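Here the structure is a predicted model, which means the values were calculated and not measured. Computation of the quantities below employed the complete heavy-atom set of this structure, encompassing side-chain atoms and omitting hydrogens, waters and symmetry-equivalent molecules.
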Amino acid sequence: MNRTARDRGRDRDEEGRARSARPRDGLGRPLPYGAEGVPRQPEGVVRTPDETLREAQRLLDAGMPFHAHEVFEDAWKSGPGSERDLWQGLAQLAVGLTHAARGNTAGGARLLRRGADRLAGGPGSTAAAAYGIDAVGLVAWARELAERAGEGGEVEAVTEGAAEGADTAGVTRPAAAVGRTAVERVPVGPVVIDAAAEAPRLRPDRP
């Protein structure tokens, strides 16, 4: 098959597959050519489930969920179909944490919820139990983090002795409400997610 000029200029791995050679940081973000980045995970590595979980946990603890998701991808591509929901669900949790830590909190929240749904029941939950994975704990972690990440940067604040006029949401208060205590949703700065601090435990009783 003839390769186009565009194809000939694309980065490729040692086996000729298209793969960007640009260095990446710990969250998988591309860096300029020549910059010092974090080594990528090799693709297509066949690991045992225990090896997969150990390597993924190491990367999660190091604040590199993007790299952990690549380990989970290898597992779902090389493993049996009955375990597909398990490894895909774990990969989605890792990618969700990646996006949230990058600042894309809305996208991260969506992926965290999708991953949680894959692990909440059915084949994903069954396969998780076979390998000592705390599916219940991971689902709870993912949904709680998704809720925090997707809050939209608002918190509840108690206001007292408010003056008549527009409140923080632009709603005009009637004179009768002046001086009363009220609970309002007020905007705050963007939610900051630290990938290493938020890293989940895949198997609480094992590394």
Minimal heavy-atom distance between A68 and A56, with the atoms involved, is CB-O, 3.8 Å
Straight-line distance of R84 CZ to K77 NZ, nearest 0.5 Å: 9.5 Å
Between the CD atom in E73 and the CD atom in E43, the distance rounded to the nearest 0.5 Å is 7.5 Å
Do the side chains of V71 and L53 join up, straight or via other hydrophobic residues, at under 4.5 Å, putting them in one cluster? no
With a 4.5 Å cut-off on side-chain heavy-atom distances among I, L, V, M, F, W and Y, is there a chain of contacts connecting V95 to L145? no
Report yes or no: do L138 and L111 belong to one cluster of Ile/Leu/Val/Met/Phe/Trp/Tyr joined by side chain heavy-atom distances under 4.5 Å? no
Proximity of H69 and F66 rings by center, below 6.0 Å: yes
For A109 and A146, work out which heavy atoms get closest and say how close. CB-O, 3.5 Å
Side-chain donor/acceptor of R118 to backbone N/O of Q88, under 3.5 Å: no
Nearest 0.5 Å, please: how far is CD in E147 from CG in L112? 12.0 Å
Between the side chains of R47 and E55, is the shortest nitrogen-to-carboxylate-oxygen separation below 4.0 Å, so that they form an ion pair? no
For the side chain of D25 and the backbone of R29, is there at least one donor-acceptor N/O pair under 3.5 Å apart? yes
Find out whether P42 and V45 are in side-chain contact, i.e. whether some heavy atom of one side chain is under 4.5 Å from a heavy atom of the other. yes
Taking all non-hydrogen atoms of both residues, which atom of V46 and which atom of S78 are closest, and how far apart? CG2-CB, 4.2 Å
Which pair of heavy atoms, one from G44 and one from D74, lies closest together, and at what distance? N-OD1, 2.9 Å
Can you check whether P49 reaches W87 side chain to side chain, under 4.5 Å on heavy atoms? yes
To the nearest 0.5 Å, how far apart are CD1 in I193 and NE2 in H99? 14.0 Å
Considering residues, nucleotides and ligands other than R110, do more than 12 of their heavy atoms fall under 6.0 Å from its CZ? no
side-chain contact (heavy atoms from CB on, under 4.5 Å), paired with Y131, selected from L86, T48, D50: L86
Between L202 and the options D134, L90, L93, the side-chain contact (heavy atoms from CB on, under 4.5 Å) test singles out L90
Would you check if L31 and R22 make a side-chain contact, meaning some heavy-atom pair closer than 4.5 Å? no
For L97 against A195, the heavy-atom pair lying closest together: CD2-O, 3.9 Å
Looking at CD of Q57 and CZ of R201, how far apart are the two atoms once the value is rounded to the nearest 0.5 Å? 4.0 Å
Between CG on residue L59 and CE on residue M64, distance to nearest 0.5 Å: 5.0 Å
